[in-house]
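Chain letters run A, B, ... following the sequence lines, proteins first, then strands; residues in each count from 1.
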Number of protein chains: 2
Amino acid sequence: MRKRLGVLALSGLALLSVSGLAGATEPGAREVTAQAKGHHGPVIVGHRGAPGYRPEHTLASYELAYRQGVDWVDVDLVPTKDGQLVARHENEIGGTTDVAKHPEFANRKTTKVIDGTSFTGWFTEDFTLAELKTLRATERIPQLRPNNKIYDGRYQIATYQEVLDLTRRLGRELRRELGTYPEVKHSTYFSSIKNPTEPKLVELLKRNGLNHPKAPVIIQSFEVSNLIELSRQVRVPLLQLTSATGAPADFIAKGDPRTYADLVTPAGLKEISKYADYLGPEKAQVIPVVNGALGQPTRLVADAHQAGLKVGPYTFRNENNFLPQNLRSSANLAEYGNAFADQEAFLKAGVDGYFADHPDTALEAVKAFEGR
Amino acid sequence: MRKRLGVLALSGLALLSVSGLAGATEPGAREVTAQAKGHHGPVIVGHRGAPGYRPEHTLASYELAYRQGVDWVDVDLVPTKDGQLVARHENEIGGTTDVAKHPEFANRKTTKVIDGTSFTGWFTEDFTLAELKTLRATERIPQLRPNNKIYDGRYQIATYQEVLDLTRRLGRELRRELGTYPEVKHSTYFSSIKNPTEPKLVELLKRNGLNHPKAPVIIQSFEVSNLIELSRQVRVPLLQLTSATGAPADFIAKGDPRTYADLVTPAGLKEISKYADYLGPEKAQVIPVVNGALGQPTRLVADAHQAGLKVGPYTFRNENNFLPQNLRSSANLAEYGNAFADQEAFLKAGVDGYFADHPDTALEAVKAFEGR
C-alpha cells in the first residue's frame with residue numbers, strides 16, 4: 001500500500017469507510033461503513049451501472065445499480081470538445097447512441113487510431129456537450145440483451161457531474177454513502193490530442209469536495225504513468241487495471257517493454273502498491289478458463305495481498321456468452337447461465353470484491369457465499 | 001369511500017400516508033408520504049414482488065421490488081396444515097416449488113376442486129410449515145422467464161410474518177414506509193375445509209401492531225363477503241379485486257347471480273365503496289384489447305372515482321406474451337415488448353396506480369409520464 005494511505009490508516013477505522021474493496025476483509029470496517037446497511041462482505045461494483053438491465057453508463061443504469069443495493073458504480077470517462085467529462089465506455093459512440101440517425105452529424109463520422117486500433121465512427125472529442133445532449137443512449141449488445149432495447153432512446157449521455165449529483169441525492173435517500181469508480185480512458189491518446197482527462201477529473205473532484213482520502217471515489221486506469229502522476233495530485237485511492245494480454249498504452253507509446261503480465265508479478269505488484277491501493281485484473285488473471293471450465297486460481301490474489309493491494313477482478317455477467325462453457329445453461333448465448341458458480345469460485349479464491357453487470361445477482365452471490 | 005375512512009380523513013393528511021394508490025391523486029399526500037422519496041405519483045405495487053427477476057412470492061422477490069423503488073408489494077396468502085399463512089399465489093405448489101422432486105411427499109399428491117376448477121398436485125393445507133420449509137421455490141413460467149431459472153432452488157417458501165419482518169427491516173434501511181397488499185386467496189374454499197385465512201390474517205396484523213388505518217397494509221380479495229366481514233373486523237383499507245369475466249366464488253357458492261360485470265357498474269361500485277377503498281380490476285376492464293391493440297378506455301375509472309374508489313389494475317408485464325400484438329417486439333413471447341406504451345395508455349386513462357411484475361420498468365413509465 002502506498003505510504004500516504006499507510007500513514008493515514010494509523011489514524012483509525014474511519015479511513016476504512018471510504019475504501020470500496022477494502023470493506024471485504026478489514027475486520028471492524030463493517031461497523032463504520034454505510035455499506036453494511038445494504039450488504040456485507042466482498043464489495044460489488046456496478047460495472048457501468050447495471051447494464052444487464054439498462055443501456056450502460058446512463059443515469060438510469062447507475063440509479064438502478066444503487067437501488068439494487070451496491071454502494072459503488074464504475075463510471076468510464078471521456079472528454080467532449082469543450083472539455084466536459086462524460087460517461088461512456090469509449091469515445092467512439094456509434095455503438096451506444098443514436099448518433100448515426102442524426103443527419104446533422106453525418107459529417108462528423110471519421111476514422112481514428114486509438115491505442116493502436118483503428119475505429120470508424122463518431123467521437124466524443126469532436127462534439128460539444130450541448131451537441132452530445134441531443135443524442136440518446138442505445139443498448140450496446142442488443143443481440144445478447146434484447147430486453148434492454150425497450151429503453152433505447154430514453155436517456156441522454158450523462159456528465160460525470162450529473163453522476164456525482166445522482167450519487168449524492170440517492171445516498172441521502174437511501175441513507176448510505178454511495179460512491180463512484182471513475183475510469184480515465186485512453187489517457188495517452190487524449191493527452192496527444194491536447195484534450196487530457198486528468199486535469200478535468202482533478203478539478204471536478206476538488207469542486208465537489210471529493211479530493212480527500214475519505215471521499216467515496218476510487219480512480220481507475222489501464223495506464224500507469226497517469227496513475228503515478230495522479231497519486232501526487234489527488235488524495236483519493238487509485239486502482240490499477242490490468243489485462244490478461246497486452247501492455248499499458250503509455251508503456252507502448254514510450255517504448256517501455258513491460259507488459260500487463262510483468263505488472264502482476266510480485267515485483268510488479270510491489271511497484272503498483274507505491275501509487276495505488278487496488279488492483280483490477282481481468283478475470284482470467286485470477287482464474288483462467290481451461291478446456292471450457294474454470295481452472296485452478298493463480299497466485300495473483302495472494303501476491304497482490306502480500307503487496308498490500310486489494311483485488312477486484314472484472315467483469316461478471318449472467319449471460320452464457322460470458323461464462324465458461326460448462327456453466328452455460330443452453331446454446332443461447334443471451335440466456336443466463338450459472339453465474340452463481342462462476343462468482344462463488346472467485347469469492348473462494350479470495351477476491352475482495354468484483355465488477356458486475358448484474359449487481360443484484362452479484363449481491364446474492366455474496367450473500368450466499370457468506371451463508372446468510 | 002366507506003364511512004369509517006371518510007370520517008377519519010377529516011382528521012387530516014396523516015391518513016393519506018397509509019393509502020397506497022391514494023397517494024396518486026391526493027394533493028398534499030406526497031409531502032407526508034415516505035413514497036415521495038423513491039418516486040412520485042401513481043403508485044406501483046410489486047406484483048408478487050419482482051417476479052420478472054426472481055421466482056415470485058419469495059423474500060428475494062419482495063426485497064428486490066422494494067430496492068428497485070416501490071413502496072408496496074402484493075403478497076398472496078394461503079394457509080398451511082398447522083394454521084400458518086404462507087406467501088404463494090396458489091395453494092397448489094407443484095408449479096412454483098420443487099415438491100415433485102421430494103419422494104417423501106409423493107403420497108401427498110392429490111386432486112381437488114377449488115372454486116369450480118380441478119387441480120392435481122400438492123396443496124399447502126396438507127403440509128405443516130416445517131414441511132413446506134424443506135421445499136425450494138422455482139420459476140413459475142420458465143418458458144417466458146428462462147433467466148429466472150438461475151435462482152431456482154435458492155429460496156424457501158416465506159411466511160407472511162417473514163414478509164412483514166423483511167418489510168420493516170428494509171423500511172428502516174431505505175428510510176421509507178414500506179407496506180404489503182396481502183391477498184386472501186380462495187376464501188370460500190378454505191372456510192369450507194375449516195382452515196380459513198381471515199382469522200389468521202387479523203390475528204397477525206394485530207400481533208404486528210398493524211391493525212390501524214395508518215398501517216401500511218391493504219387487504220385484497222376476489223371475493224366479496226369476506227371483505228365485508230373484514231371491514232367490520234379490521235381498521236386497515238380494503239381492496240376489491242375483479243375479473244373481466246366470471247363472478248366472485250362466494251357469490252357462486254351462495255347462488256348469488258351477480259357477476260364481476262355487475263360489480264363494476266356504477267351501482268356495483270357504490271356498493272363496493274361501502275366496505276372497500278380500492279378497486280383492483282383486470283386490465284381489460286379499464287382498456288379492452290380490440291383487434292390486437294389497446295382500444296378506447298371504458299368508463300370504469302371515472303365511475304370508480306365517482307364512487308370514491310381508487311383504481312389500480314393488474315397486471316403489467318414486460319414480455320410480449322402479455323402485451324397487445326401491436327406492442328410486441330418480435331414473435332418471441334419471452335422478449336420484452338413496448339411495455340412503456342402499454343403502461344402510458346393506462347396512466348392516461350387516469351388509473352391511480354397498478355400492479356407490475358417488473359417494478360423497475362413501471363417506475364420508469366410513471367417517471368416518464370410525469371415528465372420528470
Side-chain angles (χ1 to χ4, degrees), chain A residues 34 36-39 50 52-54 58-61 63-70 139 142 145-155 169-176 318-320 323 327-330 332 334-343 358-361 363-365 367-368, chain B residues 34 36-39 50 52-54 58-61 63-70 139 142 145-155 169-176 318-320 323 327-330 332 334-343 358-361 363-365 367-368:
Chain A
K37 293 200 188 66
H39 61 92
Y53 308 102
R54 292 292 184 285
T58 58
L59 291 179
S61 182
E63 175 165 348
L64 187 60
Y66 284 137
R67 288 204 186 278
Q68 287 179 348
V70 296
E139 172 54 38
R145 293 177 175 160
N147 288 344
N148 284 1
K149 288 187 291 185
I150 72 169
Y151 302 101
D152 282 359
R154 300 184 79 83
Y155 314 121
R169 177 173 69 75
L170 280 179
R172 280 194 300 269
E173 179 194 322
L174 302 173
R175 218 169 36 168
R176 325 193 283 266
N318 287 0
E319 294 93 353
N320 284 327
L323 291 168
L327 298 181
R328 294 180 182 177
S329 59
S330 72
N332 179 348
E335 232 172 65
Y336 289 1
N338 193 347
F340 286 106
D342 187 47
Q343 294 178 35
H358 302 80
D360 61 329
T361 309
L363 290 170
E364 296 229 359
K367 251 195 225 177
Chain B
K37 293 198 188 69
H39 62 93
Y53 308 102
R54 292 293 185 282
T58 58
L59 291 179
S61 183
E63 175 164 349
L64 187 60
Y66 285 137
R67 288 203 186 280
Q68 287 178 347
V70 296
E139 172 54 37
R145 294 177 175 160
N147 288 345
N148 284 2
K149 289 188 291 186
I150 72 169
Y151 302 101
D152 282 359
R154 300 184 78 84
Y155 315 120
R169 177 174 68 74
L170 280 179
R172 280 194 300 269
E173 180 195 320
L174 302 173
R175 218 170 35 168
R176 321 193 288 266
N318 287 359
E319 293 92 353
N320 285 327
L323 291 168
L327 298 181
R328 294 181 182 177
S329 59
S330 72
N332 179 347
E335 233 172 63
Y336 289 2
N338 194 347
F340 286 106
D342 187 47
Q343 295 178 35
H358 303 80
D360 60 330
T361 308
L363 290 170
E364 295 230 359
K367 251 195 226 179

Select one option (side chain, backbone, both, neither) describing which atoms of [X] are under 4.5 Å from chain A's heavy atoms.
X: B:Asn332; value: neither
X: B:Leu64; value: side chain
X: B:Thr361; value: both

Exercise. So, the side chain of A:Asn147 versus the backbone of B:Tyr336: is there a donor-acceptor pair under 3.5 Å, distance only?
Worked result: yes

For this session: Examine B:Arg67 relative to A:Tyr66 and say whether NZ or CZ is less than 6.0 Å from the centre of the six-membered ring and inside a 45° cone about the ring axis.
Result: no

For this session: Please identify each residue that fulfils side chain to side chain donor-acceptor pair (under 3.5 Å) with A:Arg145, with sequence neighbours left out.
Result: A:Glu319, A:Asp357

Exercise. Mind checking whether A:Leu174 and B:Arg175 have side chains closer than 4.5 Å, heavy atoms only?
Worked result: no

Exercise. Going by heavy atoms in the side chains, are A:Ile150 and B:Asn338 under 4.5 Å from each other?
Worked result: no

Exercise. Roughly how far, to the nearest 0.5 Å, is OH of A:Tyr53 from OH of B:Tyr53?
Worked result: 7.5 Å

Exercise. Do B:Tyr155 and A:Glu364 have side-chain atoms, one donor and one acceptor, less than 3.5 Å apart?
Worked result: yes

For this session: Could you have a look at A:Lys149, A:Gln68, A:Arg154 and say which one has the most heavy-atom pairs with chain B under 4.5 angstrom?
Result: A:Arg154

